Undergrad: 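Have a look at this one.
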Amino acid sequence: STIQLKRYDPIDKIKHSLPYRFFLTTVKGIPDENNALNALSLKEILSTQHGQLIQSAQFNYMFHIDWLIEQYPSEFRQKPLLIVHGCKRDELASLKAECSPYPKIELCSADMPIPFGTHHTKMMFLLYTEGIRIVIHTSNLIPQDWNQKTQGIWISPIFPKISKTTDDYSTTTANSDSHTNFKRDLLTYLDRYSSKQLQFWMQTILEHDMSSANVHVISSVPGRFTGGDFQKFGHLKLRQVTIYCTLKTYLGIDKQEQYQSWPIVGQFSSIGSLGKDADQWLEKEFLTTLKQLNSSYLEKPELKLIYPSVENVRTSLEGYKAGGSLPYSMNTAMRQPWLNKYLYQWHSDYRNRTHASPHIKTYLRTSNDYKQLLWFLVTSANLSKAAWGSLEKDNTQLFIRSYEIGVLFLPKNFSCSSFPILDDKISDSFPIPYDLPPTKYEAKDKPWIVDIPYTSQRDSHDCTWNPH
Ligand SMILES: O=C(O)CCC(=O)Nc1ccc(C(=O)O)c(C(=O)O)c1
């Protein structure tokens, strides 16, 4: 059979990048050495060092087209580019206008059948002569999102084309998928767009060997899911993957008791309307599925939510302007004061990103001493029912409004029973983006709310915040 020459992937040369391939974006205005550790810029992701680009696709919510084209190397700026978006009406008109100088840009509008849903997914397909690379991340394609924020990036290997030779005995399982069903789940997600332009990318993905993928796809698409589709998306998918890959399979039932109290940490850049108390959705639905309370213990589930306080925003590199990307509205916040007791500050001293305001979204489960990580998810999904879904029809149907996608790291796919979280940062500990244990809000702290003024204290640029 043809020996697939493992092409040298420049991403592998970045210190500590393997085996997780999980990066933050580089931050301007902090010492360079803090950027070196597991950080990438968009230009680095798109650079010619990865091979000869044939064409690409960019899934996102917000686009600055001229700036995006500039992030591609000049020799790749005329390659076909598919923009997958959820824009409508005047936003669609301005997106079309922005794309008109570029004949090779095609627009694919995601079907948005449900009100208040967003096309939130942030993903890149990069097709090279050598193979296809998939990037799943949290940044809008606008300069502000790649400048001074904390954002997350999972960057796949360059998956090689499945060789055509008939005697190909490579380890390809059913059409060369991974143990984590990465290809199957990515295709399941793409199929929901029922888009002709995405047919080409689905066929291309089918033709590539993704058996080396070591993460699970956790996605959301608009719809009402029951029966066979019940656990395919949203928080039920996360439950389905974590429940069978950690507690039950190799930790043994007896140990389950030990894990009942292990806290779950959620971290995000916006919050939806979650109901009049925690029992409406947060604890009864979202936490319960993540906690897998499938046993008799009725432990008080421990949930810690990291969302920037006003002070975190005021003292950030961008100052109050960072709050423009934290669209938690007064109208929503005023109806859920009960949420504040779950809130923790954004703190990332060990990654030198305390002042790089977070737009990343992550969810994880950790031991009580914060030394072991049971699972880790980086995703586009904020803490909202629109993103994660809400159960209906006596818990037989999951209703989701938005498109979201993320990748889940499970220890079993990295041949260990838990990921180490050690306080020194150069060890092989999992590169979590923030400090653990999380830092509680101080008594005077309030969650950042985007649509009210902050004038009593000026920010790091000596500005105040006056939305209108
Ligand atoms: O959900 C709610 O009810 C509040 C509205 C909201 O949060 N909207 C929103 C839209 C786009 C993005 C994005 O940047 O793609 C983000 C984000 O990522 O914070 C959040």
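Counting starts at 1 for both ligands and their atoms, in listed order. Nothing here was measured: the structure is a model prediction, and the numbers come from that model.
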Undergrad: Just the distances, no angles: every ligand 1 N or O to protein N or O pair closer than 3.5 Å, one line each.
TA:
residue	atom	partner	partner atom	Å
ligand 1	7 (O)	S270	OG	2.6
ligand 1	14 (O)	N140	ND2	2.8
ligand 1	14 (O)	H359	NE2	2.8
ligand 1	15 (O)	H120	NE2	3.0
ligand 1	15 (O)	K122	NZ	2.6
ligand 1	18 (O)	H120	NE2	3.0
ligand 1	18 (O)	H359	NE2	3.0
ligand 1	18 (O)	K361	NZ	2.7
ligand 1	19 (O)	S269	OG	2.7
ligand 1	19 (O)	N382	ND2	3.2

Undergrad: Is there a donor-acceptor contact under 3.5 Å from the side chain of K361 to the main chain of V378?
TA: no

Undergrad: Ignoring hydrogens and geometry, is there a side-chain-to-backbone donor-acceptor pair from T439 to Q345 under 3.5 Å?
TA: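 Absent.
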
Undergrad: Relative to F399, does R224 satisfy both conditions: NZ or CZ under 6.0 angstrom from the six-membered ring centre, and within 45 degrees of the ring's axis?
TA: yes

Undergrad: Is it the case that the side chains of H235 and E285 hold a donor-acceptor pair, with the cut-off being a distance below 3.5 Å and no angle test?
TA: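 Side chains of E285 and H235: pair found under 3.5 Å.
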
Undergrad: Taking the basic N atoms (NZ, or NE/NH1/NH2) and the acidic carboxylate oxygens, is any pair closer than 4.0 Å for R21 and D9?
TA: yes

Undergrad: Looking at E311 and K444, does any basic side-chain N land under 4.0 Å from a carboxylate oxygen?
TA: no

